[in-house]
Amino acid sequence: IIANPPLLIRDGGVIANGYDETLDELRTLSEHGNEFLVALEQRERERTKMQNLKVGFNRVHGYYIEISHAQIKEIPIDYQRRQTLKNVERFITPELKQFEDKILSAESKALAREKYLYDELLEKLQMDLISLQTSAKALSQLDVIQNLAERAVTLELKAPELTESPGIFIQGGRHPVIEHTQTKPFVPNDITLDAKQRMLIITGPNMGGKSTYMRQTALICLLAHIGSFVPATKAVIGPLDRIFTRIGAADDLTSGRSTFMVEMTETANILHNATEHSLVLIDEIGRGTSTFDGMALAFACAEYLGKHIQSLTLFATHYFELTRLSESLPGVANVHLSAIEHEDTIVFLHRVESGPANQSYGIQVAKLAGLPKPVIQLAEQVLQQLEQGTHHKVEVKKSGKPSTPHPLLAEIAKINPDHLTPKEALECLYQLRKNWVEKL
């Protein structure tokens, strides 16, 4: 069988040349048919003195010699009319008819011969099928092992230690793909997940490396469990039953599911099926709804994973409120991806450090992305208002004097509740109601 055979035997071209002498002869006849036709056309032009004479093939009528109507009277006596068209006549000669029978017969015989040889080959293989399947399985295993060995040497991977004690300890871990696709040196990081520290709340800026840190951990664990060396200076990996991930953003509009619905469905699957022996990666949940809804859901999911399931969990978030879980829940720790501000920009260090991040650097990342300068300036102004908590409703500061306080506030400010008896306080409340509420 040829190296890249067609999907179906019926079209031929499956059996390699040199396997069967009869098939080779039939194929040679078919393949060299064009040479005969070219030679025949040249001979007939010389014999008839007709330079416009053509030899061709039609699937319905077969092979023919084509001559224009103007030259009909000059045709040789051995030309037999085969087809009449508008401007030309088509003929066949005994020689061309003999070739046609031979060539068409050769093609059909070649296909039939191939089918016969193929069926015969299957019968021969059937006798040694078990041995062939065993050899194929062994070769495939050797192929995988050899490939893993070559990658271990070329990529400077290290042998992991598989242990019965639950937990993950990785020293100098790297992402096996990213470190070879980026031009900058990859920054390795450590991770420890065990009985005392089962969950890491990961904070830090966008593009800081949170997702890379989580994914490289999962890939190192996966490589270790399939028998591969791993991209780390040292790795001690305990038993894991499954790896769960809630990463990225995607919708399923054909099924009527929004991005947030898909996110919650995947999160529900994790919360229902993860165990204390599972590795769980959750990257930013709760962003597809209102701030408080999203924060509440993220907090509840993190607490459920840490308190009830107690899986080995990496939980990346921009909700800094989640970092308080480390104060109330045993086994939860905070880490962050470091970054520093330099002049008017941000520099990502991609280094994992203990403790929560102090800010998200979202506006700085937006500036790197190329948002217009007025948009950045307005965002910085609004952020300052929100952080100060001076406005219940976010608004852009306007130039000019501050607005005059409402008269009701001025009247209330004159009242000192510490100097009022209960009766006087009640009379004061009635008076305020009469002066203001009843006027509306």
Side-chain angles (χ1 to χ4, degrees), residues 1-31 106-164 166 168 170 174-181 215-232 235-245 247 266 269 273-275 277-279 281:
I1 294 178
I2 63 173
N4 296 300
L7 294 176
L8 301 173
I9 183 67
R10 68 186 182 194
D11 297 325
V14 174
I15 303 298
N17 291 328
Y19 176 70
D20 182 74
E21 185 177 345
T22 302
L23 178 60
D24 290 345
E25 290 177 356
L26 293 170
R27 281 179 173 170
T28 299
L29 186 60
S30 299
E31 292 168 359
E107 290 178 359
S108 61
K109 287 180 179 178
L111 287 174
R113 184 66 179 173
E114 269 204 83
K115 183 65 171 61
Y116 168 79
L117 294 172
Y118 183 76
D119 292 341
E120 184 182 58
L121 183 60
L122 292 182
E123 291 294 328
K124 291 179 179 179
L125 293 176
Q126 191 70 30
M127 299 175 64
D128 298 299
L129 187 59
I130 301 299
S131 299
L132 288 168
Q133 289 176 332
T134 304
S135 297
K137 184 177 180 180
L139 285 170
S140 65
Q141 291 175 343
L142 285 172
D143 183 47
V144 171
I145 294 170
Q146 186 276 338
N147 181 69
L148 293 177
E150 183 275 330
R151 291 287 83 191
V153 173
T154 304
L155 305 181
E156 299 181 357
L157 310 183
K158 302 296 180 183
E161 178 186 344
L162 297 177
T163 176
E164 293 298 324
I168 298 170
I170 298 172
R174 314 185 304 275
H175 194 292
V177 177
I178 294 178
E179 71 167 329
H180 295 287
T181 56
R215 294 177 191 219
Q216 75 185 40
T217 301
L219 287 172
I220 289 171
C221 292
L222 184 61
L223 288 171
H225 275 273
I226 68 169
S228 171
F229 282 27
V230 299
V236 181
I237 311 295
L240 294 172
D241 55 10
R242 295 172 73 178
I243 298 176
F244 291 92
T245 64
I247 293 176
E266 293 178 356
N269 176 60
N273 296 296
T275 71
H277 298 297
S278 302
L279 174 60
L281 312 183

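Note that the coordinates shown come from a computational prediction; the quantities given were computed from them, not determined experimentally. In what follows, every heavy atom counts, from backbone to side chain, and hydrogens, waters and symmetry copies are set aside.
N269 is listed as a side-chain neighbour of F244, based on a closest heavy-atom distance under 4.5 Å. Using a 4.5 Å cut-off on side-chain heavy atoms (C-beta onward), L117 and L121 make no contact. No side-chain heavy atom of I220 sits under 4.5 Å from any side-chain heavy atom of P160.
With values rounded to the nearest 0.5 angstrom, L125 atom CG is found 7.0 Å from I1 atom CD1. Interatomic distance, CG of D20 versus CZ of R113, reported as 4.0 Å (0.5 Å rounding). Taking OG1 from T134 and CG from L139, the interatomic distance works out to 11.0 Å, rounded to the nearest 0.5 Å. Atom-to-atom distance recorded for I15:CD1 and D24:CG is 11.0 Å, nearest 0.5 angstrom. To the nearest 0.5 Å, atom OG1 of residue T28 and atom CG of residue N17 are 7.5 Å apart. A distance of 12.5 Å separates CZ in R242 from CG in L279, rounded to the nearest 0.5 Å.
Annotation for L7: atom CG does not count as buried by contact number, only 12 or fewer foreign heavy atoms lying within 6.0 Å. For Y116, the OH atom is loosely surrounded, since the number of other residues' heavy atoms within 6.0 Å does not exceed 12.
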Determine, stepwise, if the pair L157 / R174 fulfils side-chain contact (heavy atoms from CB on, under 4.5 Å).
-> CA-CA 10 Å; L157 310 183; R174 314 185 304 275; 4.1 Å; yes
Tell me, with the steps shown, if R27 and E114 meet salt bridge (charged side-chain N to carboxylate O under 4.0 Å, His left out).
-> CA-CA 11 Å; R27 281 179 173 170; E114 269 204 83; 3.1 Å; yes
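Shortest non-hydrogen contact noted between G12 and P6 is O-CG, 3.5 Å. What you find for P239 and H225 is that their closest heavy atoms are CA-CE1, 4.2 Å. The shortest heavy-atom contact between A235 and V230 is CB-CG2, 3.8 Å. Nearest heavy-atom pair, A224 versus I237, reported as atom, atom and distance to 0.1 Å: CB-CG1, 4.0 Å. Closest heavy-atom contact between A218 and L281: CB-CD1, 3.6 Å. Closest non-hydrogen pair, C221 versus L240, comes out as CB-CD1, 3.8 Å.
Counted by atom type alone, T275 and S278 present one or more donor-acceptor pairs between their side chains at under 3.5 Å.
With sequence neighbours left out, Q126 forms a side chain to side chain contact (heavy atoms under 4.5 Å, CB included) with L129.
Pairs engaging residues 136-162 under the salt bridge (charged side-chain N to carboxylate O under 4.0 Å, His left out) rule: none recorded [sequence neighbours left out].
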